[in-house]
Amino acid sequence: MSLFLDAAWGKFTERAPVWMMRQAGRYLPEYRAIKEKSSFWEMCRTPELACEITLQPVRRLGVDAAILFQDIMTPLPPMGIDISFNPGPVIKEPLRSPTQIEALRLPEKAEIAPFVAEAIKLIRQESPVPLIGFGGAPLTLATYLIQGGGSKDYAEFRQFLRYDPQAAHALLDKLTELSIRYLSMQVEAGAEAIQLFDSWAGLHSAPMYAEFAKPYNQRIFAALAAYKVPRLYIAVEAAHLYPEINQLDCEVVSIDWRLPIYQVRSQLAEKTIQGNLDPAILLAPKEVITQETKRVLEEGLGGAHIFNLGHGIFRQTDPDHAKHMIDTVKSFDRVKAKGLVLK
Ligand code: CP3
């Protein structure tokens, strides 16, 4: 087993495993060099490139897990949806009617993204650390599909949920089935853990989450249970949803930086906590990074902890600063620290 998988399964590890949300991407010059020659979709759909980009942060930074280079939008085009990136996802014809939702195809497991299976196999041959596969949670995918792209308040989407909840449920149901097929395929190809990104779930109240997110996330986690890989979940700005999230059948919950880990643990009983350094800290001087990284590590001593950022790394981040954070995590002995803190 590895440090990452041990901690994901709930073990108090001697040191915290560390990886970073959005660790493969634009803050790395070696990513930008590839990006100059290929479009984002080309990078995703060429297994050799996806493998190379996945491994870039593993080589440069020594993280304890790799995350597949793809996007949460990857499985959607075979449904009949036209998506481009600028730099975030742009949906050519946002879904605004029940007819459009009914017309969406549900592709078979093998046709969703064969290039992802290929990329996973290549990564598994080369990666010294476990590979995390991932997908977008149905509510977060629906947010983009109905809104049409990123937005400050996602007003169109939130209006749709109220005007036509039935059509919204029909869409969420299709996205759930698609995700089960897509994520099962990833595990069968070799992914050793699965993270479900519910980035925009925090926009909603707990009753809305209970109706439009939880049952669908639960179906995905239940379908993955048979594979015996750890299941990770992240929602951002979602502390008000922890009582609901705690009921999800997953092993790890990623939390943002807004609350300290020790304050959240009792609400997420028996889950491994992943997080929660504010990604803005990596823009600070190295002394600040050392200090804040140690603070998060101490706050995480109450149980199983995977060190991560509270959300994606900023593209302005100096890779040396990220490396400094990772080295700080690696030099922190949790067993010794726990003894000191308890005395
Ligand atoms: O390193 C990794 O984490 C693996 C690759 C990965 C990407 N997107 C590549 C990407 C992962 C895990 C994602 C997930 C993703 N995509 C999420 C969930 C995580 C989160 O941050 O909340 C969301 C909401 C998206 C949608 C998306 N795709 C956005 C908002 C953007 C905009 C640009 C950005 O960097 O935030 C994208 C494009 C995208 N996806 C890029 C990358 C590397 C940038 C493409 C470029 O180089 O221009």
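If you read the sequence from its start, that first residue is 1, and numbering goes on from there. Note: hydrogens, waters and symmetry copies are ignored here, and every other heavy atom, side chains too, is used. Both counts, for ligands and for their atoms, begin at 1 and track the order of listing.
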Heavy atom of [X] under 4.0 Å from ligand 1?
| X | value |
| --- | --- |
| Leu68 | yes |
| Gly150 | no |
| Ala24 | yes |

Is there a side-chain contact between [X] and [Y] in this structure, where contact means two heavy atoms from C-beta onward sitting under 4.5 Å apart?
| X | Y | answer |
| --- | --- | --- |
| Lys271 | Asn246 | yes |
| Ile281 | Trp257 | no |
| Phe40 | Met73 | no |
| Leu76 | Ile91 | no |

Legend entry - Atom pair CZ/CZ of Phe307 and Arg15 - distance to nearest 0.5 Å: 12.0 Å
Inset, instruction - Kindly compute the distance separating OG1 (Thr293) from CG (Asp327), expressed to the nearest 0.5 Å. - result: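 With rounding to 0.5 Å, OG1 (Thr293) is 10.5 Å from CG (Asp327).
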Considering only the protein, which heavy-atom contact is closest to [atom], and what is its distance?
| atom | answer |
| --- | --- |
| atom 19 (C) of ligand 1 | Phe197 CD2, 3.4 Å |
| atom 30 (C) of ligand 1 | Tyr144 OH, 3.6 Å |
| atom 34 (C) of ligand 1 | Arg22 NH2, 3.3 Å |
| atom 40 (N) of ligand 1 | Asp71 OD1, 2.8 Å |
| atom 7 (C) of ligand 1 | Gln70 O, 3.0 Å |
| atom 43 (C) of ligand 1 | Tyr31 OH, 3.5 Å |
| atom 11 (C) of ligand 1 | Phe134 CZ, 3.5 Å |
| atom 33 (C) of ligand 1 | Arg26 NH2, 3.4 Å |

Legend entry - Residue list, side-chain contact (heavy atoms from CB on, under 4.5 Å) with Leu203, at least two apart or on another chain: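 Only Tyr154, Arg158, Trp200 meet the side-chain contact (heavy atoms from CB on, under 4.5 Å) criterion with Leu203.
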Inset, instruction - Please confirm whether the backbone N or O of Thr143 pairs with a side-chain atom of Gln147, one donor and one acceptor, at under 3.5 Å? - result: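 Absent.
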Inset, instruction - Mark yes or no for whether Thr140, through its side chain, and Ser199, through its backbone, hold a donor-acceptor pair below 3.5 Å. - result: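 Yes, Thr140 side chain to Ser199 backbone: donor-acceptor pair under 3.5 Å.
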Legend entry - Of the listed options Gly88, Gly25, Cys44, closest to atom 31 (C) of ligand 1 (non-hydrogen atoms): Gly88
Legend entry - Proximity winner for atom 15 (C) of ligand 1, if only heavy atoms of Val236, Ile72, Ile234 are counted: Ile72
Inset, instruction - Have a look at ligand 1 and work out which part of Pro89, if any, has a heavy atom under 4.0 Å from it: side chain, backbone, both or neither. - result: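 It is the side chain that gets close, since no backbone atom is under 4.0 Å.
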Legend entry - Linked hydrophobic residues, Tyr262 as query - side chain contacts closer than 4.5 Å: none
Atoms of ligand 1 less than 4.0 Å from [X] heavy atoms?
| X | result |
| --- | --- |
| His311 | 20 (C), 21 (O), 22 (O) |
| Ser199 | 18 (C), 19 (C), 20 (C), 22 (O), 24 (C) |
| Ile67 | 1 (O), 2 (C), 3 (O), 4 (C) |

Inset, instruction - Measure up the Phe212 and His169 rings against each other and bin them: parallel (under 30°), tilted (30 to 60°), perpendicular (over 60°). - result: parallel
Any N or O on [X] sitting closer than 3.5 Å to an N or O of ligand 1?
| X | value |
| --- | --- |
| Arg315 | no |
| Lys35 | yes |
| Gln23 | yes |

Inset, instruction - Using a strict cut-off of less than 4.0 Å between a Lys/Arg side-chain nitrogen and an Asp/Glu carboxylate oxygen, indicate whether Lys109 and Glu188 qualify as a salt bridge. - result: yes
